[in-house]
Amino acid sequence: MKRGAPEPGASFLARGFFERDPLTCARELIGCELVWNGAGGRVVEVEAYAAKGDEASHTFVRPTARKFIAEHEAGAAYVYMNYGVHWLLNVLVKGGAVNGFVLFRALEPTRGLREMERRRLEGARSALGYSLHGLCSGPGKMAQALGVDGRDHGRDLCAGGGIGFLPPASPVAVERDIRIGISKAAHLKWRFLAKGSEFVSVRPRKKT
DNA sequence: ACACGGATACTA
DNA sequence: AGTATCCGTGTC
């Protein structure tokens, strides 16, 4: 892989990046820029899920999730609809000590702001626009802003084609906290955030 | 605080 | 077919 190669005009993360364990991938994805067909932003919040022994992971109760891991390469997009309302974007992590997923929860918008705002506004009942802070500050919001939906399920995020991850130009301060919105295995500090970012969904609880 | 809403995986 | 659950969001 190409980590630690600071050449200019950086290219997308290669598959090898995702062939490690979920916690490592989650931590190192913070600060990367997620590029999605002209839109995107700096990854400021993710969560790790383990394929085994993690009661909050889909693999714990969903055979299709386990099948997905078996049938896809590392770096594949795992997209599903939650609460019948929002699509959520994960990336498959596979080939390291532990398999699993990383859920993308928030971006600091950097590109395609107009497109993202348009997608966020369409279908919205309320009239007034969203601030930059509210654009991608949650997994459902982020997916909607990027235009992610079920058609992206299984897509290879390491194959280019306008989609991929640019590594951070400089080191990023990362803090971690417990995961959000789950009832099981809720004590694990498997949520990773860009330290002090104003663009996260929920700020980490004080005292890290 | 609560409604919204659909895919998945159970029970029969 | 019917029910329970679910890694949110916006409005009530």
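So that the names make sense, note that chain A is the first sequence line, chain B the second, and so on, each numbered from 1.
For the contact set between residues 80-90 of chain A and DNA chain C, defined by any heavy atom under 4.0 Å, the members are A/Tyr80, A/Asn82, A/Tyr83, A/Val85, A/His86, A/Leu88, A/Asn90. Of the residues in residues 98-116 of chain A, A/Leu103, A/Arg105 come within less than 4.0 Å of DNA chain C through at least one heavy atom, sorted by number. Applying a 4.0 Å cut-off to non-hydrogen atoms, none of the residues of residues 43-57 of chain A approaches DNA chain B.
In this structure the side chain of A/Lys67 never reaches within 4.5 angstrom of the side chain of A/Arg62, judged on heavy atoms. Side chains of A/Leu13 and A/Leu29 form a contact here, defined as non-hydrogen atoms less than 4.5 Å apart. Using a 4.5 Å cut-off on side-chain heavy atoms (C-beta onward), A/Leu107 and A/Val43 make contact.
Hydrophobic cluster membership of A/Ile178, counting Ile, Leu, Val, Met, Phe, Trp and Tyr whose side-chain heavy atoms lie under 4.5 Å apart directly or via other members: none, as it forms a cluster of its own.
The two atoms that bring A/Ala106 and A/Ser137 nearest to each other are CB-CA, 4.1 Å, heavy atoms only. When all heavy atoms of A/Glu19 and A/Ala74 are compared, the closest pair comes out as CG-CB, 3.7 Å. Smallest separation of non-hydrogen atoms from A/Lys141 and A/Gly134: CD-O, 3.4 Å. A/Gly160 and A/Phe12 make their closest contact through CA-CD1, 4.1 Å (heavy atoms, listed as atom of the first residue, atom of the second, distance). Closest approach of A/Val202 to A/Leu193, counting heavy atoms only: O-CD2, 3.9 Å.
Taking the side-chain contact (heavy atoms from CB on, under 4.5 Å) definition, one finds that A/Pro109 meets it with A/Leu113, A/Met116, A/Leu132, A/Leu135, A/Cys136, A/Phe199, sequence neighbours left out. With sequence neighbours excluded, no residue forms a salt bridge (charged side-chain N to carboxylate O under 4.0 Å, His left out) with A/Asp21.
In this structure, CZ of A/Phe60 is placed 12 Å from P of C/dC6, rounded to the nearest angstrom. Distance A/His133 NE2 to C/dG10 P: 15 Å, rounded to the nearest Å. The nearest whole Å value for the distance from the OH atom in A/Tyr78 to the P atom in B/dA7 is 14 Å.
Residue A/Lys141 has a polar side-chain atom (N or O) positioned under 4.0 Å from OP1 or OP2 of C/dG10.
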Under-3.5 Å N/O pairs linking protein and nucleotides 1-4 of chain C:
none

Check nucleotides 8-12 of chain B against the protein and report each pair of N or O atoms closer than 3.5 Å, with its distance, or say if there are none.
| residue | atom | partner | partner atom | Å |
| --- | --- | --- | --- | --- |
| B/dA9 | OP1 | A/Pro63 | N | 3.2 |
| B/dA9 | OP1 | A/Thr64 | N | 2.9 |
| B/dA9 | OP1 | A/Thr64 | OG1 | 2.8 |

Give every donor-acceptor pair under 3.5 Å between a side-chain atom in residues 79-96 of chain A and any protein atom, sequence neighbours left out.
| residue | atom | partner | partner atom | Å |
| --- | --- | --- | --- | --- |
| A/Asn90 | ND2 | A/Tyr78 | O | 3.3 |
| A/Lys94 | NZ | A/Ile69 | O | 2.8 |
| A/Lys94 | NZ | A/His72 | O | 2.7 |

Throw together a table of side-chain donor-acceptor distances under 3.5 angstrom for residues 45-54 of chain A, partners on residues two or more places apart or in other chains.
| residue | atom | partner | partner atom | Å |
| --- | --- | --- | --- | --- |
| A/Glu45 | OE1 | A/Ser201 | N | 2.7 |
| A/Glu45 | OE1 | A/Ser201 | OG | 3.0 |
| A/Glu45 | OE2 | A/Arg105 | NE | 2.8 |
| A/Glu45 | OE2 | A/Arg191 | NH1 | 2.8 |
| A/Glu45 | OE2 | A/Ser201 | OG | 2.8 |
| A/Glu47 | OE1 | A/Tyr49 | OH | 2.6 |
| A/Glu47 | OE2 | A/Ile180 | N | 2.8 |
| A/Asp54 | OD1 | A/Ala56 | N | 3.1 |
| A/Asp54 | OD1 | A/Arg179 | NH2 | 3.0 |
| A/Asp54 | OD2 | A/Ala50 | N | 3.1 |
| A/Asp54 | OD2 | A/Arg179 | NH1 | 2.8 |

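A gap of 16 Å separates the C1' atoms of B/dG5 and C/dT3, to the nearest Å.
For the side chain to side chain donor-acceptor pair (under 3.5 Å) condition, the pairs that include at least one residue of residues 148-159 of chain A, sequence neighbours left out, are A/Arg15-A/Asp156, A/Asp149-A/Arg151, A/Asp152-A/Arg155.
Using a 3.5 Å distance cut-off with no hydrogens or angles, the side chains of A/Arg119 and A/Gln144 do not pair a donor with an acceptor.
How far CZ of A/Phe18 is from CD of A/Glu28: 10.5 Å, rounded to the nearest 0.5 Å. With values rounded to the nearest 0.5 angstrom, A/Leu34 atom CG is found 13.0 Å from A/Glu108 atom CD.
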Secondary-structure string, 5' to 3', Watson-Crick or G-U under 3.5 Å, | for another-strand partners, for DNA chain C: ||||||.|||..
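Look at A/Arg118 and A/Glu115 and you find a salt bridge, because one of the NZ, NE, NH1 or NH2 atoms lies within 4.0 Å of a carboxylate O, short of that distance.
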